[in-house]
Amino acid sequence: MKKRTLTLLLTIAITCSLLAGCSEKTTTKEHSSQSLFGQVTNIDGNTLTLALRNENPPSAPDGIKEAPSMSGNAMPEPPSGSHNGMNQPPSMSGNDMEVPSSMPDNPTDKNGGGPQPSGEEREIAVTEDTIYTVIEGKDSKKSSLKDIPTDAMIQVTLEEDGVTASSIVIQKGEPPQNVSENVKLKGAKSIDGKKASSSDETFSSSSDDENAVLVTNRGTLNLAGATINKSGDTSNTDNSNYYGLNAALAVTGASDAELTNVEINSTGEGANAIFATGEGSSVTVDDVKIHTSGNSARGLDATYGGVIQASSVEIDTEGAHCAALATDRGEGTITVNGATLSTAGEGSPCIYSTGEISVQNAIGTASGSQILVVEGKNSIDLTSCELDGAGPNGLMLYQSASGDAIDGAAIFRASDSKLTTTSSGPMIYITNTDSEITLTATKLSFPGSVLLEAAGNEINNWGVPGQNGGTVTLTGIRQELEGDIRCDAISAVRLNLTENSSFTGSIDRERTGKETSIQLDDSSTWEVTGDSYITTLTNAQEDCSNIHSNGHTIYYNASHLDNKWLKGQSIQLPGDGRLTPAPQ
């Protein structure tokens with residue numbers, strides 16, 4: 001459910017106005033004919049290597065969009081819509097909520113879009129005459145070549161020779177909030193700073209960019225037995241995804257809404273059903289049925305610190321980029337106890353998190369996407385849930401580097417649950433992020449042979465190729481794990497088995513991983529199904545009698561300090577296999 005949004009392009013016009021002799025007309029001309037946008041991959045003396053980006057990339061899903069296959073497995077295009085870009089809720093005025101527009105004239109679809117790599121690299125020459133400007137937040141200042149890190153996103157204006165940079169704009173920190181235009185949230189029914197209640201009423205909106213019900217300016221609304229109907233489309237998908245434009249019910253400005261025995265139907269594009277945005281804004285939901293059929297129309301969606309608490313909720317979405325439960329920019333929070341979830345569209349997982357989402361006692365099916373997705377430093381917690389998916393992998397933890405989610409460990413926890421996918425790809429896929437996964441007595445069902453894959457991804461513009469591997473710690477507690485673990489040269493996997501857990505599979509069979517390790521407590525076992533290469537082994541049973549080799553060899557790094565206890569020895573394992581130092 002995401003879009004890759006880089007607001008750097010929007011800042012160029014501002015920067016130019018700060019530079020002598022730069023008029024709006026001139027800037028437009030230069031950017032159309034002599035301007036390059038991309039990510040710095042190397043700096044060698046006075047030469048920059050720039051990986052070019054397309055300014056108007058194809059749209060991506062709300063949860064994820066499938067892309068060409070990689071390593072034999074189809075990979076999804078990312079979602080988008082998290083934090084980095086704007087972390088303050090928009091201001092309210094009157095009955096309408098003014099929201100800074102976050103996108104250029106041709107925004108990419110939320111949940112995945114953002115400038116995409118063009119596949120081309122250019123070498124740019126800099127001279128003493130090159131003008132450098134750093135943009136940091138809303139401020140800009142003159143700068144120098146030393147302020148350009150090797151992974152920076154920059155805009156380069158070229159001299160007539162097409163090689164030499166006349167000016168370079170460097171984006172640092174959070175991009176400024178939108179400066180291009182303001183849009184307003186308007187409600188067919190508006191509760192502005194007041195308390196209101198309603199019983200057995202119907203609320204409808206068929207107008208584009210209009211909420212059927214809008215609660216703002218510390219308003220309070222109690223709806224019982226209501227029906228909310230929303231048709232009409234959004235004019236800006238990002239404003240719908242970030243701020244609730246065109247949602248059936250939008251709660252903003254530290255307002256509250258309580259819904260009991262309510263039915264919501266939306267048919268419009270960008271017509272999210274229930275939307276909470278901004279610190280202090282909250283929605284409480286009990287016994288609510290939701291159906292959406294347009295694209296980018298999620299069931300429950302919280303952004304910029306908004307909170308939704310739900311119980312006994314049924315959510316059915318049909319369109320693309322329509323996760324049943326979703327958070328977007330600004331780390332919203334959703335807590336659900338008792339739910340039936342169904343999504344049918346491409347890039348529409350049951351759950352998509354760029355915030356904190358906790359779900360108990362839910363059943364759900366995503367017939368066109370992963371089971372769930374966590375982006376960046378965010379989390380999903382499941383307890384007693386049964387969720388199915390059909391995407392390119394079972395579940396994914398990643399960082400799109402779009403500005404939708406801040407960097408940090410993506411966290412997924414599941415206990416007493418069942419997760420099933422029809423995908424032949426990895427059950428768990430990690431790329432371009434650190435991650436922590438804890439599974440407790442949770443059944444994983446998948447037809448493929450790969451339990452987990454941590455790897456870089458050169459297809460979807462998730463990070464810098466060669467630097468965008470995945471790092472994951474997978475902990476099993478009373479957990480049965482089966483399938484191979486794969487890892488590439490820029491990724492790391494750590495497997496911890498505790499409290500009678502078992503792992504049946506191989507680790508890094510092809511010896512491609514940067515780092516792999518396994519730790520077993522006294523009660524846990526490893527049933528080896530293929531030769532494996534591990535960096536380190538930690539085992540409470542020092543005779544390794546809890547490793548059943550089935551005739552296979554496990555190779556370890558004898559020079560690693562954590563393997564000092566093995567003393568560089570070869571150990572005969574149960575099943576006629578060996579634990580032995582890896583060949584150099």
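This chain uses plain numbering: 1 for the first residue, then up along the sequence.
By the 4.5 Å heavy-atom criterion applied to side chains, Leu36 and Arg122 are counted as neighbours. When side chains are defined from C-beta on, Asp508 does not count as touching Ile485, because their heavy atoms never get closer than 4.5 Å. Residues Cys487 and Thr516 form a side-chain contact, since some pair of their non-hydrogen atoms from C-beta on lies under 4.5 Å apart. When side chains are defined from C-beta on, Asn246 does not count as touching Asn272, because their heavy atoms never get closer than 4.5 Å. Counting heavy atoms from C-beta on, the side chains of Leu395 and Phe412 come closer than 4.5 Å. When side chains are defined from C-beta on, Ile154 counts as touching Leu50, because their heavy atoms get closer than 4.5 Å. Taking the side chain as every heavy atom from C-beta outward, Thr333 and Ile308 never approach each other to under 4.5 Å. Using a 4.5 Å cut-off on side-chain heavy atoms (C-beta onward), Val373 and Ile351 make no contact.
When the side chain to side chain donor-acceptor pair (under 3.5 Å) test is applied to Thr433, no partner is found at least two apart in sequence or on another chain. For Thr343, the side chain to side chain donor-acceptor pair (under 3.5 Å) criterion is met by no residue, not counting sequence neighbours. Asp381 meets the salt bridge (Lys or Arg N to Asp or Glu O under 4.0 Å) test with Arg413; sequence neighbours excluded.
Using modelled atom types, one side-chain atom of Asn468 and one backbone atom of Asn457 make a donor-acceptor pair closer than 3.5 Å. A donor-acceptor distance shorter than 3.5 angstrom exists from the side chain of Thr327 to the backbone of Gly355, with no hydrogens or angles considered. Looking only at distances, a side-chain donor or acceptor of Ser491 sits under 3.5 Å from a matching main-chain atom of Gly470. In this structure, the side chain of Lys230 engages the main chain of Ser207 through a donor-acceptor pair within 3.5 Å. For Ser353 (side chain) and Ser379 (main-chain N/O), a donor-acceptor pair under 3.5 Å exists by modelled atom type. Counting only distance, with no hydrogens or angles, the side chain of Ser206 and the backbone of Gly232 share no donor-acceptor pair below 3.5 Å. Of the possible polar contacts, none joining the Asp233 side chain to the Asp209 backbone as a donor-acceptor pair under 3.5 Å is found. At distances below 3.5 Å, at least one donor-acceptor pair connects side-chain atoms of Ser423 with backbone N or O atoms of Pro392. A donor-acceptor distance shorter than 3.5 angstrom exists from the side chain of Ser348 to the backbone of Gly319, with no hydrogens or angles considered. Although no hydrogens or angles enter the test, the distance criterion places no donor-acceptor pair under 3.5 Å between the side chain of Thr234 and the main chain of Ala271.
Expressed to the nearest 0.5 Å, how far OG1 of Thr471 lies from CG of Asp434 amounts to 5.0 Å. In this structure, OG in Ser166 is found 10.0 Å from CD in Glu160, a value given to the nearest 0.5 Å. A distance of 5.5 Å separates CD1 in Ile274 from CG in Leu300, rounded to the nearest 0.5 Å. Separation of atoms CD1 (Ile490) and CG (Asn432) is listed at 8.5 Å; rounding is to 0.5 Å. Note that the CE atom of Met427 and the CG atom of Asn393 stand 9.0 Å from one another [nearest 0.5 Å]. The OG atom of Ser205 lies 7.5 Å from the CG atom of Asn211; values are rounded to the nearest 0.5 Å.
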**OP:** Under the side-chain contact (heavy atoms from CB on, under 4.5 Å) rule, what do Leu145 and Val126 come out as? Steps first, then yes or no, please.
**Re:** CA-CA 8 Å; Leu145 180 62; Val126 297; 4.2 Å; yes

**OP:** Show your reasoning for whether side-chain contact (heavy atoms from CB on, under 4.5 Å) applies to Thr354 and Glu331.
**Re:** CA-CA 6 Å; Thr354 61; Glu331 301 176 336; over 6 Å; no

**OP:** Could you walk me through whether Ser281 and Ser255 pass the side chain to side chain donor-acceptor pair (under 3.5 Å) test, one step at a time?
**Re:** CA-CA 5 Å; Ser281 297; Ser255 300; 5.5 Å; no

Original post:
Going through the checks in order, is the side-chain contact (heavy atoms from CB on, under 4.5 Å) test met by Leu474 and Leu452?
Top reply: CA-CA 9 Å; Leu474 172 60; Leu452 181 150; 4.0 Å; yes

Subject >> Residue pair Thr535, Glu515: steps toward the side chain to side chain donor-acceptor pair (under 3.5 Å) verdict >> reply: CA-CA 6 Å; Thr535 307; Glu515 180 182 344; 5.6 Å; no

Original post:
After noting the C-alpha distance and the side-chain angles of Ile411 and Val374, does the key distance pass the side-chain contact (heavy atoms from CB on, under 4.5 Å) rule?
Top reply: CA-CA 7 Å; Ile411 295 173; Val374 182; over 6 Å; no

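Between Ala273 and Gly299, the closest heavy-atom pair is CB-O, 3.3 Å. Minimum interatomic distance between Gly456 and Asp488 (heavy atoms only, all atoms of both residues): N-OD2, 2.8 Å. The minimum heavy-atom distance linking Ala51 with Thr41 is given by the pair CB-CG2, 3.9 Å. Contact detail for Leu397 and Ala410: the closest heavy-atom pair is CD2-O, 3.5 Å. Minimum heavy-atom separation, Ala366 to Gln370: CB-O, 3.5 Å. Between Leu48 and Ile168, the shortest heavy-atom distance links the atoms CD1-CD1, 3.7 Å.
Thr47 and Asp44 are not linked by any side-chain donor-acceptor pair at a separation below 3.5 angstrom, with hydrogens and angles left out of the test. Side-chain contact of Glu121 with Thr49: a donor-acceptor pair under 3.5 Å is absent, judged by distance alone.
Using bins of under 30°, 30° to 60° and over 60° for the plane-to-plane angle, the ring pair Tyr304/Tyr243 lands in the parallel bin.
With Tyr352 as reference, Glu375 is the one residue of Glu375, Arg298, His321 to meet the side chain to side chain donor-acceptor pair (under 3.5 Å) rule.
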